[in-house]
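Scroll down for the structure; my scribbles are underneath it.
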Number of protein chains: 2
Amino acid sequence: MSPRRPDPTTRAALIETAARLLSEEGPRALSTRRVATETGCSTMAVYTHFGSMNDLVREIAREGFARLETYLTSLDTTDDPVADMAVLGRLYRHNAMTNAHLYEVMFGGSSLSGFQLTDEDRQYGRYTLANVVHCAQRCIAAGRFPAGDAELVAHQMWTTVHGIASLELGRYLVEPCTGDRLFESQLVGLMVSVGDEGGAAAGSVEVSAKRFAELVGAENSGCASARAPSIALRARPQSPPATAGRCPQDGLDLADASAKFSPSGD
Amino acid sequence: MSPRRPDPTTRAALIETAARLLSEEGPRALSTRRVATETGCSTMAVYTHFGSMNDLVREIAREGFARLETYLTSLDTTDDPVADMAVLGRLYRHNAMTNAHLYEVMFGGSSLSGFQLTDEDRQYGRYTLANVVHCAQRCIAAGRFPAGDAELVAHQMWTTVHGIASLELGRYLVEPCTGDRLFESQLVGLMVSVGDEGGAAAGSVEVSAKRFAELVGAENSGCASARAPSIALRARPQSPPATAGRCPQDGLDLADASAKFSPSGD
DNA sequence: TTTCGTAGCACAACAGCGTTATGGAACGCC
DNA sequence: GGCGTTCCATAACGCTGTTGTGCTACGAAA
């Protein structure tokens, strides 16, 4: 009574291939056969490791959330929490644009093809908001926002930035109301609407622009792998991947995020 | 030199069937064969009338925009333009929830399945914003909003409400930050952030809630066809459909919105 | 070390998909 | 009536996700 174990590198490689295909060639390239062929195994491996193609896509969505989390936690806090909040918003949007196809899988709805996330996946994604909630608490503690529900403030931040990012990805925002222009005005307006004073909000948002530019600049010139971040290395936390150790890409520790993938349960 | 004409009723019936399948059974049910079978014709009819399945879906997206337009133009203006604006926001969200699958096709991105809208489709959709722009101008004229770019204000309105609706449809908004709660707070916050005074904004939003409730109530009990609005009757504007004349469903007059559907151009 | 049960996974097949080649039938003009 | 043109039904093509079948590699027990 000791069966053969599945190859963990195959699992990671499948996610890696799938996410790469999605990024490079878009949704149409995401087929079981294509992923299996490019990974160098048969389509059965997908069903052994994930249960179905849908579950592979779900895993890609989780990879997308992990990337977002990486962005949002890459920010050092300062004594201007509102500026920190604005940088978080910029990082969120930057992640959406950089990983556009992943973002659409995360938040694009099933939108044909019948693909669906589970409640667990969404819960996993919502956890990313914890960073924003914490920042909102700091804004309140600093007296910039009135005492209130930090989680509500974080959600207002989220829905607003997502609304712009979503329509931007859908190519709905064109001249003269571009995503950039809308984002800047919304950023200030949002801080004001949740209670910050107008001048202070504008100042913090301006500060955030510089800090964000530095962050993105460092991303593009610093760590070599940051430009084309490797995927799926977090797939099996207990097995140290051979390609690890170049960037703090894994080790996210998102609560009980290491879900099971038992193909039996549909 | 006088070829056989395509049957216009077949074209409308195909759209009708496709939109119904999308509403009743979701994206998975949207297949060429299924639509053709339920309509009572062969799959070739789809290619004769639309060119491809993708073009049929695009037509459904346009139907979605037409429904949105119908909602937004159903509103009578009052001497409280900010309340009018808030009602527009409520109607927008109501339409997104009522026609969820249509809304996802319109704004859900391709998100797998490789389906894509064209620039023309999006332009058609953006035209719906004209109602909101006009309302923003009235807010400025009434002195509620400071002089500024009404189009920008309308876009801020749009991205904000869309952000909530999108995440709500994706089931990302759960207790304690539900879509309802977020929507109400964002509505007031939005009016404040674009320049309205806090108390006046809250008052107008409160007024809008009542007016919206009456509108939705009238929709469900008034005109018989409003409950399950018939689709695709606007498909061929020049041919007066036999079932017309019950509700102001057509006659949108959206600029040069009557596009050609020549299958030749890919 | 040999044995053996379990499970990974390759191969091939299935139903369904979007799309297209083929050809008969219907239509509007000469 | 003849004719040119186009609609559209049938059947086929290559693709998809998924699943049966069976070989084989593995790991613990003997």
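We name chains A, B, ... by the order of the sequence lines, and we start the count at 1 in each one. For clarity, every value in this text was computed on a predicted model and none was experimentally measured.
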Side-chain donor-acceptor pairs under 3.5 Å in residues 169-178 of chain A, sequence neighbours left out?
from, atom 1, to, atom 2, distance (Å)
Tyr172(A), OH, Met106(B), O, 2.8
Thr178(A), OG1, Arg181(A), N, 3.3

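The side chain to side chain donor-acceptor pair (under 3.5 Å) check on Thr9(A) picks up Asp7(A), with sequence neighbours excluded. When the side chain to side chain donor-acceptor pair (under 3.5 Å) test is applied to Asn131(A), the partners found at least two apart in sequence or on another chain are Glu69(A). Legend: residues meeting ring pair (Phe, Tyr, Trp, His ring centres under 6.0 Å) with His162(B), ordered by chain and number and at least two apart, are Tyr103(B), Phe107(B). The side chain to side chain contact (heavy atoms under 4.5 Å, CB included) search around Ser31(B) returns Arg33(B), Arg34(B), not counting sequence neighbours. Contacts of Arg93(A) classified as side chain to side chain donor-acceptor pair (under 3.5 Å), with partners at least two apart in sequence or in another chain: Glu168(A), Asp180(A). Looking at residues two or more places apart in sequence or on another chain, you find no side chain to side chain donor-acceptor pair (under 3.5 Å) involving Gln116(A).
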- Item | side chain to side chain contact (heavy atoms under 4.5 Å, CB included) between Tyr92(B) and Met157(B), intermediate numbers included | CA-CA 10 Å; Tyr92(B) 184 98; Met157(B) 191 81 199; over 6 Å; no
Got a list of protein N/O to nucleotides 20-23 of chain C N/O distances below 3.5 Å?
none

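The distance between atom CZ of Phe50(B) and atom C1' of dC8(D), rounded to the nearest whole Å, is 14 Å. When rounded to the nearest whole Å, the span between CE of Met53(A) and P of dC17(C) equals 19 Å. dC7(D) atom P lies 13 Å from atom CG of Leu14(B), rounded to whole Å.
Listed in residue order, the members of residues 24-36 of chain B having a heavy atom less than 4.0 Å from DNA chain C are Leu30(B), Ser31(B), Thr32(B), Arg33(B).
At least one side-chain nitrogen or oxygen of Ser42(B) sits closer than 4.0 Å to the OP1 or OP2 atom of dA9(D). In terms of phosphate contacts, His49(A) brings a side-chain nitrogen or oxygen within less than 4.0 Å of OP1 or OP2 of dC9(C).
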